K.L.:
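Before we start, here is the structure in question, set down as structure tokens.
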Number of protein chains: 2
Amino acid sequence: MSLDKRKIKILKAIISSYIDNAEAVGSRTISKKYELGVSPATIRNEMSDLEEMGFLIQPHASAGRIPTDKAYRYYVDDLWKKVQSSSNVNLHQLRGIIEEKANEMDSVFKNSVRILSQFTKYTSFIVAPQLKQAIIKRIQLVPVTDKKVLLVLVLNSDIVKQVMINLSNTIPLEQMDKISSSLTEKMYGHKLGDIDSVKKNIIQELYYIRESSGDSLFELLPYLMEQIGKFEDFNIYADGITNILNLPEYNDVVKAREFISFVEDKNSLAKLFQITGENALDISIGHENQYNELRDCSLITATYKINGKLIGKIGVIGPTRMDYDKVISTVKSMSEAMNEIISQNFNDDKEE
Amino acid sequence: MSLDKRKIKILKAIISSYIDNAEAVGSRTISKKYELGVSPATIRNEMSDLEEMGFLIQPHASAGRIPTDKAYRYYVDDLWKKVQSSSNVNLHQLRGIIEEKANEMDSVFKNSVRILSQFTKYTSFIVAPQLKQAIIKRIQLVPVTDKKVLLVLVLNSDIVKQVMINLSNTIPLEQMDKISSSLTEKMYGHKLGDIDSVKKNIIQELYYIRESSGDSLFELLPYLMEQIGKFEDFNIYADGITNILNLPEYNDVVKAREFISFVEDKNSLAKLFQITGENALDISIGHENQYNELRDCSLITATYKINGKLIGKIGVIGPTRMDYDKVISTVKSMSEAMNEIISQNFNDDKEE
DNA sequence: TGTTAGCACTCGCGCTGATTGAGTGCTAAA
DNA sequence: TTTAGCACTCAATCAGCGCGAGTGCTAACA
């Protein structure tokens, strides 16, 4: 038995109908709604074949049929070829929305993940670049009170991090800038994650400005290291988690709660995204997911890169009965938009 | 008919039982669980009286009884006297948790609202001080790329805001600090919200440094104004929204969705918190809430202040059948902790 | 040989009616 | 005033039943 053209047509019709209505599809429905020019009886025979081949199942004897994960996989693989070329979202428009009100990376991520969930109506995520991989470009001390300074770290890709530091001694205002530039000079180009290992060298090199800055510099450094150590290893933005309450498959509060608990836990999410592939676009359907909690879900992930180097991922989680067409093209467009936005910022760096 | 001692005892027993189980309470239950030394029949008579007085209702003839909003109001007003003095949460411990990992106000708010929701198991909020009321203490430009500068605004209460600014011209590095200190000098003490009105004066006053900084300063100022204008009027932190899925009264997905939609909308929340009183602690129960969406909920709010001036609110929303005792004391402790933390930061300002 | 009409069969869903049990209100006695 | 006793009420549960959507099989037809 093979997947001839008519079987494919019928299978697609069933999937499409099920995606729309979340209800088991019968032969009569297919015959009426989709013009295939054959009677329900014929379709029944074909559906029986499709079930035997593992593409469909019957929830119970007198019900219509539902696509299996295998069916979705086939559907997606087929869809794939067509989506590759086109994308139904205007990239420039998308960029506009993302960059609106966003004057730093943090806002870009927040905006992006929000758009993603609003477009797809599913739960969306963005894994931000690992901070510890970021390279220090500048360090600037900003006095806040006499015993508090704000240490502003300018990293590559326009990422800015502040660390509030409490001092036991006062740093004279006029030395602030001098210390800032010394720190910048010595720290420039180091990865945030590497700082601890080069700590000793830096302290030694900075020794010569000790006299002018008193002991405060030596108080500053360990504190800075410590604060950097506290930076999250990963940073995940999520949005639209409660969208699942709109889906009929999560009409049951217990099921919804299970899902929400899972996706609200940043640790499990982080693991999940570690597992996903590093292709431009990855799709895992139902049981293909490693996590039991997601056995009824599909996960569409994409990566974004700088100069070919993967720095983060975006993703959408929805029911296996998902509008793959729309989600795939949205995720694709979004990753492209992020590539552009981030690369552009990064290119600024290179021009220096 | 008056609320004699026994009636009060029975009423409290009923409320207490209903808070625990969310199930209508019968006379036998009360007689067995709570040692009152009277038979169910007697309790029935008393319950009948309490119903007549408006403290109880019967969902249907053959069911037990449920406390009304009036009963909760009585319960809370009574509870009030006892809670006033004691608080079951260790304030120092609380401060420790809040300040852990928090090196700026933003983290303090995030931590606090999280703790609040984890302690109470209900949806919690914090309304942050209105940024536009904040006073500028320092302005520092931090170069990011040649055509991008980060403008760091240090405000009172240790609040720090950054604004990324894209320039069309380059500002020479060596002028950065000069411009920073000029800006600080002129802007110091102004409210963020007032800047627009003193804009012209400032520009005039800054005119004399025009020559050294070229036109870039004049490009900077309008941009800065614009960015400040974009600051949210209010900033609300929320946590534990999905906690309501654990409550039996929100077993219905439609009801849960309604609630979630309401509290996820920052605008409606902002309005809600505008309505609430400005006492140290306010409680509004069920129908006392102005919003229909919250007619089955109670809202416990507290304020936090600096030198007696209200700067923000915290709150917990839960079902009218709420563990008032726990929530009230938690909210109370939290507002006290925030008062301490924030005032301490603010006192630093005053010492200058 | 593929298609289709016809028909028996299956089974979830929703309706009905009976049963159960938790709880009340009333009354009469202690 | 309290309480035991009893009749009464009504939501919840469950079995029984018919409906209808949908299938699978068979036989006839093109």
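A quick note: this is a predicted structure, and the numbers were derived from the prediction, not measured. Residue numbers begin at 1 in each chain, while the letters A, B, ... track the order of the sequences.
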K.L.:
List in chain and number order the residues that pass side-chain hydrogen bond (donor to acceptor under 3.5 Å, both in side chains) with B/Y18, two or more places apart in sequence or in another chain; answer none if no residue qualifies.
P.N.:
none
K.L.:
Is any side-chain heavy atom of A/I115 closer than 4.5 Å to a side-chain heavy atom of A/T330?
P.N.:
no
K.L.:
First and last nucleotide of DNA chain C in contact with chain B, 5' to 3', at under 4.0 Å to a heavy atom: what are they?
P.N.:
C/dA22 to C/dG25
K.L.:
With sequence neighbours excluded, tell me which residues meet ring-ring contact (aromatic ring centres under 6.0 Å, His included) with A/Y291.
P.N.:
A/F262
K.L.:
Consider side-chain hydrogen bond (donor to acceptor under 3.5 Å, both in side chains). Of B/D282, B/T301, B/T276, B/T303, which one does B/K313 pass it with?
P.N.:
B/T276
K.L.:
Of all residues at least two apart in sequence or in a different chain, which pass the ring-ring contact (aromatic ring centres under 6.0 Å, His included) check with A/F125?
P.N.:
A/F273
K.L.:
Output one letter per nucleotide in nucleotides 10-18 of chain D: B when a protein non-hydrogen atom lies under 4.0 Å from the base, S when only the sugar-phosphate is that close, - when neither is.
P.N.:
BS-------
K.L.:
My understanding is that only residues two or more places apart in sequence, or in another chain, count here; which of them pass side-chain contact (heavy atoms from CB on, under 4.5 Å) with A/A61?
P.N.:
none
K.L.:
Output one line per pair: protein atom, nucleotide atom from nucleotides 1-3 of chain D, and distance, for all N/O pairs under 3.5 Å.
P.N.:
from, atom 1, to, atom 2, distance (Å)
D/dT2, OP1, B/R6, NH1, 2.8
D/dT2, OP2, B/R6, NH2, 3.1
D/dT3, OP2, B/S39, N, 3.1
D/dT3, OP2, B/T42, OG1, 2.5

K.L.:
Just to verify, which of B/K326, B/R321, B/M322 counts as forming a side chain to side chain contact (heavy atoms under 4.5 Å, CB included) with B/I19?
P.N.:
B/R321
K.L.:
Could B/K12 and B/D78 be called an ion pair, given the rule that one side-chain N must be under 4.0 Å from one carboxylate O?
P.N.:
yes
K.L.:
Tell me, which of residues 7-30 of chain B have any heavy atom that sits under 4.0 Å from an atom in DNA chain C?
P.N.:
B/G26, B/S27
K.L.:
Restricting to side-chain hydrogen bond (donor to acceptor under 3.5 Å, both in side chains), what partner residues turn up for B/S284, sequence neighbours left out?
P.N.:
B/N289
K.L.:
Residues two or more places apart in sequence or in another chain: which of them pass ring-ring contact (aromatic ring centres under 6.0 Å, His included) with B/Y72?
P.N.:
B/Y324
K.L.:
Using the salt bridge (charged side-chain N to carboxylate O under 4.0 Å, His left out) rule, collect all pairs that involve residues 288-297 of chain A, keeping only residues at least two apart or in two chains.
P.N.:
A/R73-A/E288, A/K255-A/D296
K.L.:
Could you list the residues that satisfy ring-ring contact (aromatic ring centres under 6.0 Å, His included) with A/Y75, not counting sequence neighbours?
P.N.:
none
